[in-house]
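Working notes for the structure below.
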Amino acid sequence: MTNKVAIIASNGGVFDAYKVFNIATAAAATDQEVAIFFTFEGLNLIHKEANGQLPLPEGKEHFAEGFKTANVPSIPELVTMAQEMDVRFIGCQMTMDVLGMEKEAFVDGIEVGGAITFLEFAKDADVTLTF
């Protein structure tokens, strides 16, 4: 039986993105089934334009150089890696409706669904995380 990891991404900063995608890709690399539910500001993590320019927290700008020096993949690269590892991306329909956003604004291959879609996956997850 495959373990399942359910992640809720509701924050939209670069640190949030690294947490979400590092956990998701690590879990997928160890043959776990992974789904991420992107809601509220978390939708920025999979937005075609926004995910390449996510904000660093104020006073933490020095991390940008550290990421480069350490050869840490960019957020768009991590998104692609996660998708290639079959991580399931679920964009929150309600948030998209509230913000007037269409599926086309996001990276290819996402599902659009509500909380019920995510809960169906998460109900028997071995690990559930929120970032």
Main-chain N/O of G59 paired to E61 side chain as donor or acceptor, under 3.5 Å:
yes
State the CE-CG distance between M85 and D31, to the nearest 0.5 angstrom.
9.0 Å
Taking atom NZ of K19 and atom CD1 of I7, what is their separation to the nearest 0.5 Å?
12.0 Å
One should read off an interatomic distance between N44 CG and Q53 CD, to the nearest 0.5 angstrom, of 9.5 Å
Given side chains that start at C-beta, do those of F106 and F89 come closer than 4.5 Å, heavy atoms only?
no
F37: which other cluster members, linking ILVMFWY side chains closer than 4.5 Å, directly or transitively?
I8, I90, F118
So NE2 of H47 and CG of L99: to nearest 0.5 Å the spacing works out to 9.5 Å
ILVMFWY network linking L54 to L43, side-chain heavy atoms under 4.5 angstrom
yes
State which residues pass side chain to side chain contact (heavy atoms under 4.5 Å, CB included) with Q93; sequence neighbours excluded, sorted by chain then number.
D97, V112
Close side-chain approach of N22 and L78, heavy atoms under 4.5 Å
yes
Are the side chain of D126 and the backbone N or O of K4 linked by a donor-acceptor pair below 3.5 Å?
yes
Taking the side chain as everything from C-beta on, heavy atoms only, tell me whether V79 gets closer than 4.5 Å to L45.
no
Report yes or no: do V72 and M81 belong to one cluster of Ile/Leu/Val/Met/Phe/Trp/Tyr joined by side chain heavy-atom distances under 4.5 Å?
yes
Between D108 and K48, is any pair of side-chain heavy atoms under 4.5 Å apart?
yes
Show your working on side chain to side chain contact (heavy atoms under 4.5 Å, CB included) between T95 and F38 and close with a plain yes or no.
CA-CA 9 Å; T95 305; F38 297 90; over 6 Å; no
Mind checking what makes ring-ring contact (aromatic ring centres under 6.0 Å, His included) contact with F67, not counting sequence neighbours?
Y18
According to a hydrophobic-cluster definition based on side-chain heavy atoms being under 4.5 Å apart (Ile, Leu, Val, Met, Phe, Trp, Tyr only), do F40 and I36 belong together?
no
Measure across V127 and L129 and return the closest heavy-atom pair with its distance rounded to 0.1 Å.
CG1-CG, 3.8 Å
Could you state the interatomic distance from CG (D124) to CG (L119), rounded to the nearest 0.5 Å?
11.5 Å
Roughly how far, to the nearest 0.5 Å, is CD1 of I116 from NZ of K123?
11.5 Å
